[in-house]
Amino acid sequence: MTHIVIVGGGHAAAQAVTSLRQNKFEGDVTLISDEPVLPYQRPPLSKAYLSGDLAAERLPILRQVAYENAGVTLKLGLRATRIDRAAKQLELGDGEVLPYDYLILATGGHARRLTCPGHDLKGLHYVRTMADTDAMRAEFLKAEKLVVIGGGYIGLETAAVARKMGKKVTVLEAADRILSRVVAPEVSACYQAIHEAEGVTVLTHQMVTEIEGKDGHVAAVLTEDGGRYEADMVVAGIGLVANADLAAAAELDVHPMGIVVDDHCRTTDPAIYAVGDVTWHHNALYGRDMRLESVQNAVDQAKVAVENMLGEDVVYDTLPWFWSDQYGMKLQIAGLSQGYDTLVTRGDAAARSVAFFYLKDGVMIAADCVGRVAEFMGAKKLIAERVPVTVEALTDESRSFKEIVTGFLTA
Ligand SMILES: Cc1cc2nc3c(=O)[nH]c(=O)nc-3n(C[C@H](O)[C@H](O)[C@H](O)COP(=O)(O)OP(=O)(O)OC[C@H]3O[C@@H](n4cnc5c(N)ncnc54)[C@H](O)[C@@H]3O)c2cc1C
């Protein structure tokens, strides 16, 4: 009987289980995760789970009974420690050796850690795992002054939750604007204005040099230009490091950003696939290699990997998309904006109902939509179809966006 072993406890691993069963795989499946809980959704960790609006029971992607019904052997709270590719065996932290026919590495990543003086003080937190959020919750509820290091999505979502609870919140961003890696300056400005209107102090060009402590606990954050920001809690959201060590030790091809996979989600060993945040892969739509940190990518790559493993010939070429929730507003992002030459704004940023479209050579390559679901849905089609668009039509608010999209698609 074919044995498929999945390493990971996130969206990619759970989707691999679902896809194996949907594709009527009848062999054995074992899932190993070093987290002691069922694979769960990570996005709420900086949103509704952090605020306490979503209970822990709602986090698992699949319930225990789904694994039981699917005959999946779960090994939770256990690390995969070594891949013996020649013998097709996986070694686990408890000494067990599992033979596999196919291995799926869905090992994701971990939060990048600060290394400056004070990095080991109590009261400095990261948000990657349920255990991280659980560990910070009691302190978070009590904290009055929160400093967030990093103006990316996780930092800004944490800031939004903290502001809703009435805390004094300061966001320190090293770059010249928040969200600088992913959005246009206009969108950064829009989000900075929203946070400031909500009472957050957002400071850019702030390179953190030290966390100052008192009695072993954080007391302030110091920056290169002499700034000192008092804090009784600090949350750092400064990026992700791929969990690619297992693959690297097994001498699979590994890029500094993640495990290299081909367009079938296969590593350099045909018996080993890798999916989700841990992969460094080629995106055909954008013609370049990338790592994506999104639920969409984890789910889509897991589907592709499973189908290929079961004998299909499926290429991963889906459009990346992402979302972020801040202050009850949904930001939906379609595509990747790098390389755009024209930014088109539809709607009113001040009213928090706006879509920003990124065009390159007259074709839409990405969109950031705030409270604009129709624009998000339409933009996904336009980006995928690569049809020419015009600024006049995109900004014509007298017509529904659906009608505008149909016009472009049928022109
Ligand atoms: C706070 C937060 C908010 C987010 N918000 C959004 C959002 O709004 N929208 C969105 O699209 N995405 C969001 N993301 C990103 C999204 O959660 C990730 O893209 C997604 O979780 C990736 O899934 P994955 O399965 O590839 O990896 P992960 O979720 O990282 O799972 C990897 C798993 O593998 C385990 N593991 C690693 N190594 C081993 C080993 N050797 N042995 C056993 N187990 C191992 C890890 O412990 C972990 O359980 C957010 C992420 C975070 C942290």
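Computation of the quantities below employed the complete heavy-atom set of this structure, encompassing side-chain atoms and omitting hydrogens, waters and symmetry-equivalent molecules. Just follow the structure's listing: the first ligand is 1, and inside any ligand the first atom is 1. Here the structure is a predicted model, which means the values were calculated and not measured.
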For this session: Non-hydrogen atoms closer than 4.0 Å to ligand 1: which protein residues do they belong to? List them by chain and number, please.
Result: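 Answer by chain and number: V7, G8, G9, G10, H11, A12, I32, S33, D34, E35, R42, P43, S46, K47, L78, R79, A80, A106, T107, G108, G109, V127, R128, I154, N243, G276, D277, E293, S294, V295, A298, F322, W323.
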Exercise. So how far is it from L105 CG to L246 CG, rounded to the nearest 0.5 Å?
Worked result: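 Nearest 0.5 Å value for the CG-CG distance: 6.0 Å.
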Problem set entry | Polar side chain donor-acceptor pair, Q326 to S324, under 3.5 angstrom |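 Checked: Q326/S324 side chains pair up, N/O donor to acceptor below 3.5 Å.
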Exercise. Can a donor-acceptor pair be found between the side chains of H205 and D176 at a distance below 3.5 Å?
Worked result: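 Judged by distance alone, the side chains do not pair up.
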Problem set entry | Parallel, tilted or perpendicular: ring planes of F401 versus F357, cut at 30 and 60 degrees |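 The rings of F401 and F357 lie parallel, inter-plane angle below 30°.
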Exercise. Any ring-ring contact (aromatic ring centres under 6.0 Å, His included) pairs touching residues 283-323, not counting sequence neighbours?
Worked result: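 Every pair satisfying ring-ring contact (aromatic ring centres under 6.0 Å, His included) with a residue in residues 283-323: Y153-F322, H281-Y316.
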Problem set entry | Option from L45, V161, V235 for which side-chain contact (heavy atoms from CB on, under 4.5 Å) with L50 holds |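 That would be V161.
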